[in-house]
Amino acid sequence: TGVYRYATVGRESIDALDGAEHVYPDETTITFAAAGCGVEMRWDALIERHDEWNLCVTETGIELQPTAGSYHVFFGEEKVEPIECNRSVVLIPSDPADRSAVSEPVALSCLIGGQPWFPVWEVLGRDQRTVEGAQVQVQHVRMTVTDEDEFHEHITLDWYLDDHGLLIAATLAKQTLADTVVGAVTYKESYTLELVSLTPLR
């Protein structure tokens, strides 16, 4: 547990309001707090923007839990979106021999803010990342959302986790067409996160 610092490059934008955008700070934090059978992982990008995920240690490995959340205030519109999915997903198998294998995609049936949402998680095997000059073995996992209906959504989220479930790096590319009070609005978000230090702030 603790608060970890991440070098951050990212922004969010909409094609309404003359192309308004927020540029994320050069450094953001993720707070890992003990919760249930594991930890709650909360990324704080802005006062108006944070995501929460829950990881659990089980006999099969480190699992992403079915509940999560997203909080977002964008140009006066507040969105509090609890996420409820139908099952958990093993991100880091307990058997080291299984960690280098590419898993079959796991399709989830979720509700986000009460609306249907269908993310797919995949374990893509092992990788390496450098933190403070040291090589860290990481598990590469990816979430994708491909929604082609009238209000489409495309998301690719890559996580690089160490064997204890600490997020070492992440990348996101997201584009959605949303129905809002000002009509159909295209929202884009992208970011990269790189862990600055393996020692938490507190």
Side-chain angles (χ1 to χ4, degrees), residues 6 8 10-25 28-33 35-56 62-91 105-122 141-159 161 165 167 170-193:
Y6 292 81
T8 304
R11 66 183 62 233
E12 60 178 0
S13 65
I14 56 175
D15 63 355
L17 302 175
D18 297 324
E21 72 172 7
H22 291 148
V23 176
Y24 294 155
T28 58
T29 61
I30 294 179
T31 302
F32 291 81
C37 52
V39 296
E40 178 188 81
M41 186 171 79
R42 171 171 160 153
W43 175 55
D44 286 284
L46 302 163
I47 294 174
E48 306 92 347
R49 171 84 175 88
H50 66 252
D51 287 337
E52 296 173 353
W53 307 85
N54 291 284
L55 300 178
C56 183
I62 296 177
E63 297 183 358
L64 180 71
Q65 292 299 285
T67 57
S70 177
Y71 176 78
H72 199 194
V73 179
F74 199 83
F75 296 96
E77 185 173 345
E78 183 180 54
K79 295 179 74 174
V80 181
E81 296 184 312
I83 298 170
E84 294 279 350
C85 298
N86 62 324
R87 56 165 293 179
S88 58
V89 182
V90 176
L91 301 183
V106 177
L108 301 182
S109 177
C110 306
L111 292 175
I112 180 168
Q115 299 298 312
W117 192 56
F118 303 103
V120 175
W121 283 89
E122 299 173 87
V141 300
R142 175 177 292 161
M143 183 195 79
T144 54
V145 177
T146 305
D147 182 352
E148 300 289 3
D149 66 10
E150 179 185 1
F151 295 104
H152 63 257
E153 180 173 47
H154 297 94
I155 303 172
T156 301
L157 172 65
D158 287 272
W159 279 356
L161 302 155
L167 188 76
T171 63
L172 173 88
K174 176 178 180 178
Q175 180 172 321
T176 67
L177 182 65
D179 187 17
T180 73
V181 292
V182 295
V185 171
T186 297
Y187 170 82
K188 295 181 180 180
E189 181 182 28
S190 63
Y191 62 71
T192 62
L193 308 178

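We're numbering straight along the sequence, starting at 1. The figures that follow rest on heavy atoms only: side chains count, while hydrogens, waters and symmetry mates do not.
Side-chain atoms of Met143 and Trp159, non-hydrogen and from C-beta on, never get closer than 4.5 Å to each other. Under the 4.5 Å side-chain criterion, counting only non-hydrogen atoms from C-beta, Thr146 is in contact with His154. Residues Leu177 and Gln175 form no side-chain contact, since every pair of their non-hydrogen atoms from C-beta on lies 4.5 Å or further apart. Between Trp53 and Leu167 the shortest side-chain heavy-atom distance does not fall below 4.5 Å. For the pair Glu63 and Val90, the minimum side-chain heavy-atom distance is below 4.5 Å.
When each of Leu91, Leu157, Leu64 is paired with Val141, the side chain to side chain contact (heavy atoms under 4.5 Å, CB included) condition holds for Leu91 and for no other.
Using cut-offs of 30° and 60° for the angle between ring planes, the Trp43 and Tyr24 rings count as perpendicular.
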Side chain to side chain contact (heavy atoms under 4.5 Å, CB included) evaluation trace for Asn86 with Leu108 = CA-CA 6 Å; Asn86 62 324; Leu108 301 182; 3.9 Å; yes
Determine, step by step, whether Glu52 and Tyr71 satisfy the side chain to side chain contact (heavy atoms under 4.5 Å, CB included) criterion, reporting the C-alpha distance in whole Å, the side-chain angles of both residues, the deciding distance to 0.1 Å, and the verdict.
-> CA-CA 9 Å; Glu52 296 173 353; Tyr71 176 78; over 6 Å; no
Passes side chain to side chain contact (heavy atoms under 4.5 Å, CB included), Asn54 versus Glu40? Steps please.
-> CA-CA 4 Å; Asn54 291 284; Glu40 178 188 81; 3.5 Å; yes
Side chain to side chain contact (heavy atoms under 4.5 Å, CB included) between Arg49 and Ser70: does it pass, once the steps are laid out?
-> CA-CA 8 Å; Arg49 171 84 175 88; Ser70 177; 4.1 Å; yes
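For the atom pair CD1 (Ile62) and CG (Leu55), the distance works out to 7.0 Å, reported to the nearest 0.5 Å. Between Arg87 atom CZ and Ser109 atom OG the span is 12.0 Å, to the nearest 0.5 Å. If you take CG on Asp147 and CD on Gln115, they are separated by 11.0 Å, rounding to the nearest 0.5 Å. We find the CG-CD distance between Asp158 and Glu122 to be 9.5 Å, quoted to the nearest 0.5 Å. To the nearest 0.5 Å, atoms CG (Leu193) and CG (Leu172) are separated by 9.0 Å. Interatomic distance, OG1 of Thr67 versus CD of Glu84, reported as 6.0 Å (0.5 Å rounding).
With hydrogens and angles left out, the side-chain atoms of Glu12 and His22 include a donor and acceptor closer than 3.5 Å.
When every heavy atom of Pro25 is checked against every heavy atom of Thr8, the shortest pair comes out as O-CB, 3.4 Å. Shortest non-hydrogen contact noted between Gly165 and Phe32 is O-CE2, 4.0 Å.
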